[in-house]
Amino acid sequence: MALVAFAYAGWIWLQENPQHNPWAPLDLRQERGWATAAKLELAREDMDECRAVLTRSEVAFTALDPSGEGECRREDRLTLPDLSLTPTTPQMTCPVAIGLELWRQDLAPLAEDILGSPIARIEQLGTYSCRRMYGAQTGNWSEHAIGNAIDIAAFVLEDGRRISVLDDWDDEGERGQFLRAAREAACKSFGAVLSPDYNAAHANHFHLDQGRPIVMGFCP
């Protein structure tokens with residue numbers, strides 16, 4: 001009887017805490033829990049499940065038809081109209097969209113706490129580029145080749161300030177503090193996060209991609 005009561009109590013607790021329940025559908029509005037990483041990996045591997053997560057989480061998106069050929073064939077292609085990315089709303093994979101939505105949620109309190117102002121816009125340098133890594137003639141294909149990555153250059157605050165990766169990464173004050181906190185927050189939502197600390201090629205942007213599971217993340 002005690003074992004049954006314990007199991008029932010555990011079941012009730014999981015129903016009340018879906019972020020820890022591996023059988024509960026993922027909702028991006030819930031706080032992260034024990035089961036979140038596994039659910040994110042399922043969404044990363046399954047386009048239909050990924051888009052179902054966005055719909056369930058009430059994240060507006062526009063699905064686009066497949067495009068491209070060969071290594072740059074994009075079966076998974078969508079846009080997020082409400083994310084305040086500038087200068088354009090880029091095309092991306094669904095896993096990148098999920099990562100951006102989670103990152104946006106983490107960035108909001110960081111901007112308020114560190115900089116004292118909400119974020120109005122996020123400046124991006126693009127998602128899709130049919131090329132190998134670093135534009136080389138040989139070697140591995142970039143995650144940008146299928147739109148599974150995004151490069152972020154700066155954050156524009158509602159009070160008008162612009163926090164730039166290029167100009168402010170080495171700042172010893174609140175600007176640099178915010179950028180480092182933003183990089184660390186991204187590591188919780190993307191499989192790879194590259195910053196100016198990684199190499200000179202990323203001196204002016206954060207590279208965020210979903211080419212690997214978040215639990216095996218690469219965040220130098």
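When the shell of 6.0 Å around CG of Asn140 is examined, it contains 12 or fewer heavy atoms from other residues, nucleotides or ligands.
Side-chain contact between Glu112 and Ser117 is absent, with no heavy-atom pair separated by less than 4.5 Å. Using a 4.5 Å cut-off on side-chain heavy atoms (C-beta onward), Leu125 and Ile152 make no contact. Contact check for Arg73 versus Pro66: side-chain heavy atoms found under the 4.5 Å cut-off. Using a 4.5 Å heavy-atom cutoff, the side chains of Asp151 and Gln124 are not in contact.
Residues Phe61 and Leu78 come closest through the heavy atom pair CD1-CD2, 4.0 Å. Scanning all heavy atoms of the two residues, the minimum distance from Pro95 to Ala43 falls at CG-O, 4.3 Å. Between Gly147 and Val96, the closest heavy-atom pair is O-CG2, 4.2 Å. Shown here for Leu85 and Pro90, the closest heavy-atom pair between the two residues is CD1-CD, 3.7 Å. Across all their heavy atoms, Asp106 and Ala185 have their closest contact at CB-CB, 4.0 Å. Nearest heavy atom pair, residue Pro196 against residue Val165, reads CG-CG1, 3.5 Å.
Applying the salt bridge (charged side-chain N to carboxylate O under 4.0 Å, His left out) test to pairs two or more places apart or on separate chains, those with a residue in residues 119-138 are Glu123-Arg162. Each salt bridge (charged side-chain N to carboxylate O under 4.0 Å, His left out) pair with one or both residues in residues 47-61, not counting sequence neighbours, appears once here: Arg29-Glu58, Arg51-Asp76. Judged as a disulfide (SG to SG under 2.5 Å), not a single pair has a partner in residues 190-220 (not counting sequence neighbours).
The hydrophobic clustering, which links ILVMFWY residues whose side-chain heavy atoms are closer than 4.5 Å, places Leu208 and Ile146 apart. Side-chain heavy atoms closer than 4.5 Å link hydrophobic residues (I, L, V, M, F, W, Y) into clusters, and following such links, even through other members, never connects Met47 to Leu100. Residue Leu115 is grouped with residue Leu179 when hydrophobic side chains (ILVMFWY) are merged at heavy-atom distances under 4.5 angstrom, including chains of intermediate members. Each of Tyr128 and Phe206 belongs to its own hydrophobic cluster when Ile, Leu, Val, Met, Phe, Trp and Tyr are linked at side-chain heavy-atom distances under 4.5 angstrom. One hydrophobic cluster, built from ILVMFWY side chains closer than 4.5 Å, holds both Ile119 and Ile150.
Judged by distance alone, the side chain of Lys39 and the main-chain N or O of Asp27 form no donor-acceptor pair under 3.5 Å. Looking only at distances, a side-chain donor or acceptor of Asn148 sits under 3.5 Å from a matching main-chain atom of Gln210. Side-chain atoms of Asp168 come within 3.5 Å of backbone N or O of Ser164 as a donor-acceptor pair. Under a 3.5 Å cut-off, the side chain of His144 and the backbone N or O of Thr127 do form a donor-acceptor pair.
A distance of 4.0 Å separates OG of Ser189 from CZ of Arg32, quoted to the nearest 0.5 Å. The distance from the CZ atom of Arg175 to the CG atom of Asp170 is 13.5 Å, given to the nearest 0.5 Å. One finds the OG1 atom of Thr89 at 8.5 Å from the CG atom of Leu83 (value rounded to the nearest 0.5 Å). Going from atom OG1 of Thr93 over to atom CD1 of Ile98 covers 9.0 Å, rounded to the nearest 0.5 Å. Distance CD/Glu45 to CG/Leu40: 11.5 Å, rounded to 0.5 Å. Here CD of Gln177 is found 9.0 Å from CG of Leu110. Values are rounded to the nearest 0.5 Å.
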Working for side-chain contact (heavy atoms from CB on, under 4.5 Å), residues Arg183 and Asp197: CA-CA 10 Å; Arg183 189 266 307 274; Asp197 281 348; 3.7 Å; yes
Pair Cys50-Arg44, side-chain contact (heavy atoms from CB on, under 4.5 Å): steps then yes or no: CA-CA 7 Å; Cys50 186; Arg44 191 180 73 89; over 6 Å; no
Step-by-step side-chain contact (heavy atoms from CB on, under 4.5 Å) determination, Ile122 to Thr86: CA-CA 6 Å; Ile122 299 176; Thr86 186; over 6 Å; no
Stepwise side-chain hydrogen bond (donor to acceptor under 3.5 Å, both in side chains) check, Arg77 with Gln91: CA-CA 6 Å; Arg77 204 162 61 102; Gln91 300 172 10; 2.8 Å; yes
From CA spacing to verdict: side-chain contact (heavy atoms from CB on, under 4.5 Å), His202, Ser195: CA-CA 6 Å; His202 296 87; Ser195 73; 5.9 Å; no
Asp209/His207 under side-chain hydrogen bond (donor to acceptor under 3.5 Å, both in side chains): CA gap, chis, key distance, verdict: CA-CA 7 Å; Asp209 79 51; His207 166 94; 2.7 Å; yes
Residues Glu41, Arg212; criterion salt bridge (charged side-chain N to carboxylate O under 4.0 Å, His left out); working and verdict: CA-CA 9 Å; Glu41 178 58 13; Arg212 66 179 71 202; over 6 Å; no
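A cation-pi contact links Arg180 to Trp169, judged by a cut-off of 6.0 Å to the six-membered ring centre and 45° from its axis.
Taking Phe178 as the reference, Phe155 meet the ring pair (Phe, Tyr, Trp, His ring centres under 6.0 Å) condition, with sequence neighbours excluded. For Cys130, the disulfide (SG to SG under 2.5 Å) test picks out Cys72, with sequence neighbours left out.
Tyr134 forms part of a hydrophobic cluster together with Met133, Leu194, Tyr198, Phe218, judged by ILVMFWY side-chain heavy-atom separations under 4.5 Å.
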